[in-house]
Asker: 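First the structure, then my questions, so here it is.
Remember, predicted model here, so these are calculated numbers, not experimental data.
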Amino acid sequence: MVLDVDEQPRTTNQSPFGHLSLQMESIFGDGGILKEVVKPGEGPPVPKDASVLIHLSGFLEYSDEPFETTSHLKYPRMMKLGRDVTLAGLELGLLTMRKGEFSRFLLQPQYAYGEMGCPPLIPPAAVVLYKVQVLDFFDSAQVDNFIALGVEQQNNTPLLTLFSVANTLRSFGNRCFCQSRYDDAEERYKQAKMLLVNRMMEEEQREMITSALLPLYLNLSLTELRMGNPHKALKYTNKALEIDPNNTKALYRCGQAYMEIHDYESAQNCLILAQARKPFDKDINSLLKNVAM
């Protein structure tokens, strides 16, 4: 009896990628992108046009060393799908993943580096393996679309859209800040600030936009302190205090900035005001004690 090809028993002398493919599933049914979920994620899948934070390593068959990897980075940089992630198979694979997921992908040449390869690292018509972990992602399509508009069009969009874009940029900045990528955080915060400041405001909108600016000024002041720029930090704390003269965070960071430039009297004045609002705050009391020494 002759078996069909699909019914023939699997041999044990397959290549490493051939053996690995047996435990993987085809994303599109054409075998061009095979996927194995090693660790499931949670939540919705990565959306199109998202900005993703991923760890990845790319391998050629019979090679234990990756030709591309971010595993040595504690905090890999945020990458935009379609701009920073340009490999078709990798981008399509990412769209099937969820936050926290770790998966492996086998990409045929048409979804990877093509028939030409990418000398000297990638030979012609190479099948490649990618190990990918999604640490986080942001749906940045709305931000990209808004920034692409002209100023007049931006001013005519609903205020809630502007706030949504600014909040997304601030979330980007917060993620970068937590990774100690202060330059990138500063850029995101400033971008959000400029969108809000440039808004042509009716009087009834002014208070709402001013309230949205306050956390950005606080973020920028802390970022500048971490970057060793106390004078810039003072500029943003003063902006925050113009909005809310009793803001404890702004007063505390103002004290920190004055300490950095050795203006101890001004630092003490700010910290005393902060202490009056939060008398049991350990950070405020500790810094105030240092000023007095």
Asker: Is it the case that atom CE in M116 sees more than 12 heavy atoms from other parts of the structure closer than 6.0 Å?
Answerer: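 12 or below, so no.
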Asker: Check L87 against A112 and note the closest heavy-atom contact, atom names and distance.
Answerer: CD1-O, 3.2 Å
Asker: Between the main-chain N or O of Q154 and the side-chain N or O of R199, is there a donor-acceptor pair closer than 3.5 Å?
Answerer: yes
Asker: Might you point out which heavy atoms bring L60 and A126 nearest each other, and give the distance in Å?
Answerer: CD2-CB, 4.1 Å
Asker: Counting only N and O atoms by type, is there a donor-acceptor contact under 3.5 Å from the side chain of S140 to the main-chain atoms of V143?
Answerer: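 No; zero donor-acceptor contacts below 3.5 Å.
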Asker: Between P66 and S57, which heavy-atom pair has the shortest distance, and what is it?
Answerer: CB-CB, 4.3 Å
Asker: Using the six-membered ring wherever Trp is involved, compare the ring planes of Y111 and F28 and label them parallel, tilted or perpendicular (cut-offs 30° and 60°).
Answerer: parallel
Asker: Spell out, yes or no, whether V165 and F172 are grouped together once hydrophobic residues are joined by side-chain heavy atoms under 4.5 Å, including indirect joins.
Answerer: no
Asker: Report yes if some heavy atom in the side chain of S51 is under 4.5 Å from a heavy atom in the side chain of L81; otherwise report no.
Answerer: no
Asker: Answer yes or no: is there a side-chain heavy-atom contact under 4.5 Å between S103 and V37?
Answerer: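 Side chain of S103 against side chain of V37, heavy atoms only: contact under 4.5 Å found.
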Asker: Within the side chain of S286, is there an N or O that forms a donor-acceptor pair under 3.5 Å with the backbone of D283?
Answerer: no
Asker: On a heavy-atom basis, which atom in P44 and which in F137 lie closest, and how many Å separate them?
Answerer: O-CZ, 3.6 Å
Asker: Taking the side chain as every heavy atom from C-beta outward, state whether M78 and D184 have any pair of such atoms under 4.5 Å apart.
Answerer: no
Asker: Once the angle between the rings of F67 and Y113 is folded into 0 to 90°, is it parallel (under 30°), tilted (30 to 60°) or perpendicular (over 60°)?
Answerer: perpendicular
Asker: Taking T237's backbone N and O only, do any of them form a donor-acceptor pair with R253's side chain (distance below 3.5 Å, no angle check)?
Answerer: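 No, because the side chain of R253 does not come within donor-acceptor range (under 3.5 Å) of the backbone of T237.
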Asker: So, S164 versus Q142: side-chain donor-acceptor pair below 3.5 Å or not?
Answerer: yes
Asker: Give, for atom CZ of R175 and atom CZ of R181, the distance between the pair rounded to the nearest 0.5 Å.
Answerer: 9.5 Å
Asker: Test of understanding: clusters of I, L, V, M, F, W, Y form through side-chain heavy atoms closer than 4.5 Å, transitively. Do Y252 and I243 belong to the same one?
Answerer: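 No, no single cluster joins them.
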Asker: L241 and A250: which non-hydrogen atoms are nearest, and at how many Å?
Answerer: CD2-CB, 3.6 Å
Asker: Output the distance between atom CD (E265) and atom SG (C270), rounded to the nearest 0.5 Å.
Answerer: 11.0 Å
Asker: Counting heavy atoms not belonging to K193, are there more than 12 under 6.0 Å from its NZ?
Answerer: yes
Asker: Within a reach of under 6.0 Å around NZ of K48, are more than 12 heavy atoms found that belong to other residues, nucleotides or ligands?
Answerer: no
Asker: Does the side chain to side chain contact (heavy atoms under 4.5 Å, CB included) test come out yes or no for T248 and D281, once each step is laid out?
Answerer: CA-CA 10 Å; T248 308; D281 187 285; 5.8 Å; no
Asker: Does atom NZ of K239 have more than 12 heavy-atom neighbours, drawn from other residues, nucleotides or ligands, at distances under 6.0 Å?
Answerer: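 At most 12 heavy atoms, drawn from other residues, nucleotides or ligands, come within 6.0 Å of this atom.
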Asker: State, to 0.1 Å, how close H72 and T69 come at their nearest heavy-atom pair, and which atoms those are.
Answerer: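 Scanning both residues completely, I find the closest heavy atoms to be CE1-O, 3.3 Å.
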Asker: Compare all side-chain heavy atoms of I54 with those of T70 and state whether any distance is below 4.5 angstrom.
Answerer: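 No; the side chains remain at least 4.5 Å from each other.
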Asker: Is any side-chain heavy atom of L56 less than 4.5 Å from a side-chain heavy atom of M79?
Answerer: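 Yes, close enough: below the 4.5 Å cut-off.
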Asker: NZ of K99: more than 12 outside heavy atoms within 6.0 angstrom?
Answerer: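 No, not enclosed.
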Asker: Only one of L169, N219, L216 clears side-chain contact (heavy atoms from CB on, under 4.5 Å) with R188; which?
Answerer: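 For R188, the side-chain contact (heavy atoms from CB on, under 4.5 Å) test succeeds with only one of L169, N219, L216, which is L169.
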Asker: For K232, is there any backbone N or O sitting under 3.5 Å from a side-chain donor or acceptor partner on E224?
Answerer: no
Asker: Can we say K80 and D144 salt-bridge, meaning some charged N sits less than 4.0 Å from an Asp/Glu carboxylate O?
Answerer: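 Looking at K80 and D144, the cut-off is met.
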Asker: Are more than 12 heavy atoms from other residues, nucleotides or ligands located less than 6.0 Å from atom CD of Q110?
Answerer: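 Yes.
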Asker: Which of these passes side-chain contact (heavy atoms from CB on, under 4.5 Å) with V132: M97, H55, K35?
Answerer: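 That would be M97; it is the only one of M97, H55, K35 passing the side-chain contact (heavy atoms from CB on, under 4.5 Å) with V132.
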Asker: If only atom types and distance count, is the side chain of D49 paired as donor or acceptor with the main-chain N or O of D139 below 3.5 Å?
Answerer: no
Asker: If you define the side chain from C-beta out and look only at heavy atoms, does anything of N247 sit under 4.5 Å from Y217?
Answerer: no
Asker: Take atom CD of E65 as the centre, draw a 6.0 Å sphere, and report whether it contains more than 12 heavy atoms from other residues, nucleotides or ligands.
Answerer: no
Asker: If you group Ile, Leu, Val, Met, Phe, Trp and Tyr by side-chain heavy-atom gaps below 4.5 Å, do V38 and V52 land in one group?
Answerer: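 No; tracing contacts between hydrophobic side chains, which count when under 4.5 Å, never links both residues.
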